[in-house]
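So you know, we letter chains A, B, ... as the sequences are listed, proteins then strands, and number each from 1.
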Number of protein chains: 2
Amino acid sequence: MTERSVRLSFLFATTRVTQGLKRHFDERARAHGLTYSRARLLTLVARNPGVTQAELARLMEVEPPTMKHLLDGLEEGGFVQRCPVEGNRRANQVFLTERAETEHAGILRFLEDLAEELFDDVPDEDLAGALRLLDRISAKLAGESS
Amino acid sequence: MTERSVRLSFLFATTRVTQGLKRHFDERARAHGLTYSRARLLTLVARNPGVTQAELARLMEVEPPTMKHLLDGLEEGGFVQRCPVEGNRRANQVFLTERAETEHAGILRFLEDLAEELFDDVPDEDLAGALRLLDRISAKLAGESS
DNA sequence: TCCTAACAGTTAGTTTGCTAATCATGACCG
DNA sequence: CGGTCATGATTAGCAAACTAACTGTTAGGA
């Protein structure tokens with residue numbers, strides 16, 4: 001196999017694995033009334049209470065319509081709340097609801113347990129190497145889109 | 001940061017990067033009348049002419065309804081053709097059309113060029129390490145779903 | 001001041017993934 | 001032979017991502 005096709009295979013493998021991860025997490029998150037994406041967003045709101053939707057979209061590297069959609073789901077489930085920003089009638093601030101505030105620790109532990117379970121037998125050097133690679137690709141993708 | 005949260009961060013990073021890769025490839029594949037997923041499927045059909053939809057779904061690690069959709073798109077675009085299997089009236093065999101047959105080399109080169117461009121400055125040991133990790137996770141995901 | 005441009009959010013419509021359920025066909029066993 | 005179960009494909013409906021286009025609000029410059 002040539003180096004070129006190795007790289008293509010690597011790309012396809014990445015896609016397949018991420019798809020599998022999403023499936024795996026979605027399946028288990030359903031018990032909490034969440035999906036993988038919504039749980040991910042929940043941790044983001046928890047760490048950045050009061051940020052606007054646009055800022056959340058930027059942080060999650062997602063387009064505004066996608067963020068709107070995710071927040072609709074979380075709001076309907078009673079996890080977050082949109083509040084108007086005083087001084088800027090365009091923007092909404094997003095906060096966790098009281099209920100989500102109390103449940104947040106449990107949800108985070110649930111996510112960490114799942115990640116732990118999947119990566120517990122992965123050598124640290126593999127993890128570190130892969131992270132370097134991801135960062136490199138991330139930078140490249142970001143740089144080109146500018 | 002604890003090891004637990006490092007692993008969670010790694011998971012989220014993987015998700016973000018794969019999302020970015022898909023976006024990147026989709027954007028460029030549009031010029032060929034394709035999307036990333038459809039291009040990926042096209043290479044699969046090219047390497048396995050005449051396989052059934054169920055077999056393609058298994059190979060691509062996708063559920064049958066998803067495969068149906070993807071094939072609908074490729075068939076509509078004139079890239080593939082579904083043919084009844086003689087001896088089994090349930091199944092369809094899938095083949096590239098003549099046009100796709102002649103375009104296939106170009107499409108493959110296009111995909112390889114994109115992968116090359118993204119990975120050309122990635123050290124081989126990083127790529128190999130990440131591939132090991134992906135395989136390990138893949139095996140774990142497959143094992144648990146049984 | 002007012003016009004225009006930028007920004008925040010939403011709406012509309014497509015793609016790609018999923019699950020659950022349905023339909024037709026095939027296979028196997030009593 | 002006939003009934004049940006398995007298989008291949010589809011349909012229906014949901015979730016999450018995208019782009020393009022729209023509404024409303026703010027800011028800045030002529």
Side-chain angles (χ1 to χ4, degrees), chain A residues 15-31 33-42 50-77 82-94 141 145, chain B residues 15-31 33-42 50-77 82-94 141 145:
Chain A
T15 304
R16 255 186 296 115
V17 169
T18 305
Q19 201 173 298
L21 286 173
K22 186 186 177 301
R23 195 160 38 205
H24 181 85
F25 274 68
D26 272 344
E27 195 180 306
R28 283 155 183 78
R30 223 183 308 172
L34 289 167
T35 62
Y36 175 46
S37 293
R38 288 179 192 173
R40 207 151 55 93
L41 175 53
L42 201 67
V51 294
T52 62
Q53 296 189 199
E55 185 64 13
L56 282 173
R58 202 188 57 75
L59 288 170
M60 200 162 154
E61 291 184 21
V62 130
E63 299 303 316
T66 302
M67 183 50 64
K68 189 251 178 206
H69 191 216
L70 289 173
L71 286 172
D72 283 350
L74 280 181
E75 197 168 37
E76 197 172 333
R82 279 186 260 218
C83 304
V85 175
E86 46 183 297
N88 188 349
R89 271 182 298 176
R90 289 174 298 188
N92 290 329
Q93 285 182 292
V94 181
L141 287 172
S145 71
Chain B
T15 304
R16 256 187 296 113
V17 169
T18 305
Q19 202 171 297
L21 285 173
K22 185 186 179 300
R23 194 158 40 209
H24 181 84
F25 272 69
D26 272 343
E27 196 179 305
R28 283 156 182 78
R30 222 183 308 172
L34 288 168
T35 61
Y36 175 46
S37 294
R38 289 178 190 174
R40 207 151 54 93
L41 175 52
L42 201 67
V51 294
T52 63
Q53 296 189 201
E55 185 64 12
L56 282 173
R58 202 188 58 76
L59 288 170
M60 202 164 153
E61 291 185 20
V62 130
E63 298 303 317
T66 302
M67 183 50 63
K68 191 251 178 205
H69 271 149
L70 290 173
L71 286 172
D72 283 351
L74 281 181
E75 197 169 35
E76 198 172 333
R82 280 187 258 218
C83 304
V85 176
E86 46 184 295
N88 187 350
R89 272 182 298 176
R90 287 173 300 187
N92 289 329
Q93 284 183 293
V94 181
L141 286 171
S145 70

What is the separation between atom [atom1] on [X] and atom [atom2] on [N], rounded to the nearest whole Å?
| X | N | atom1 | atom2 | answer |
| --- | --- | --- | --- | --- |
| A:D72 | C:dG9 | CG | P | 12 Å |
| B:D26 | C:dT16 | CG | P | 7 Å |
| A:M67 | D:dA16 | CE | C1' | 11 Å |
| A:E75 | C:dT10 | CD | C1' | 13 Å |
| A:L41 | D:dA17 | CG | C1' | 14 Å |
| A:R30 | D:dC14 | CZ | C1' | 11 Å |
| A:L34 | D:dA15 | CG | C1' | 13 Å |
| A:E63 | D:dA20 | CD | P | 10 Å |

field: A:H24 side, atom NE2; A:K22 side, atom NZ - distance, nearest 0.5 Å
entry: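 Answer rounded to 0.5 Å: 13.0 Å.
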Options [options], nucleotide nearest the side-chain atoms of [X]:
| X | options | answer |
| --- | --- | --- |
| B:K68 | C:dT16, D:dT10, C:dG17 | D:dT10 |
| A:P65 | D:dA20, D:dA17, D:dG8 | D:dA20 |
| A:A91 | C:dG9, D:dT10, C:dT10 | C:dG9 |
| A:R40 | D:dA15, D:dA17, C:dT10 | D:dA17 |
| A:S37 | D:dA16, C:dT10, D:dC18 | D:dA16 |
| B:H69 | C:dG17, D:dC18, D:dG8 | C:dG17 |

task: Taking only Lys NZ, Arg NE, NH1 and NH2, and the carboxylate oxygens of Asp or Glu, determine whether B:D72 and B:K68 approach each other closer than 4.0 Å.
output: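 Between B:K68 and B:D72 there is a salt bridge, with a charged N closer than 4.0 Å to a carboxylate O.
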Name the nucleic acid region contacted by [X], choosing base, sugar-phosphate or nothing; use a 4.0 angstrom heavy-atom cut-off, strictly under.
| X | result |
| --- | --- |
| B:T66 | base |
| B:N92 | sugar-phosphate |
| A:N88 | sugar-phosphate |
| A:R58 | nothing |

OP1 or OP2 of [N] sitting under 4.0 Å from any side-chain N/O of [X]?
| X | N | answer |
| --- | --- | --- |
| A:R82 | C:dG9 | no |
| A:K22 | C:dC18 | no |
| A:R90 | C:dC7 | no |
| A:Q53 | C:dT10 | yes |
| A:R89 | C:dA8 | no |

field: Residue mapping more 5' on DNA chain C - nearest nucleotide basis, B:G87 or A:L71
entry: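 Closer to the 5' end of DNA chain C: A:L71.
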field: B:E61 or A:A54, whichever maps to the more 5' nucleotide of DNA chain C
entry: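 Checking each residue's closest nucleotide, the 5'-ward one belongs to A:A54.
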- prompt: Quick one: does A:Q53's side chain have a donor or acceptor within less than 3.5 Å of a partner on A:L71's backbone?
  reply: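 No, because the side chain of A:Q53 does not come within donor-acceptor range (under 3.5 Å) of the backbone of A:L71.
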Heavy-atom closest pair, residues [X] and [Y]:
| X | Y | value |
| --- | --- | --- |
| B:R16 | A:L59 | CD-O, 4.5 Å |
| A:T18 | B:T15 | CG2-CA, 4.3 Å |
| B:D26 | B:Y36 | OD1-N, 2.7 Å |

- request: Using the closest heavy atom to pick a nucleotide of DNA chain D for each, name whichever of B:E27 or A:Y36 lands nearer the 5' end.
  value: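 Going by which nucleotide is closer to the 5' end, it is A:Y36.
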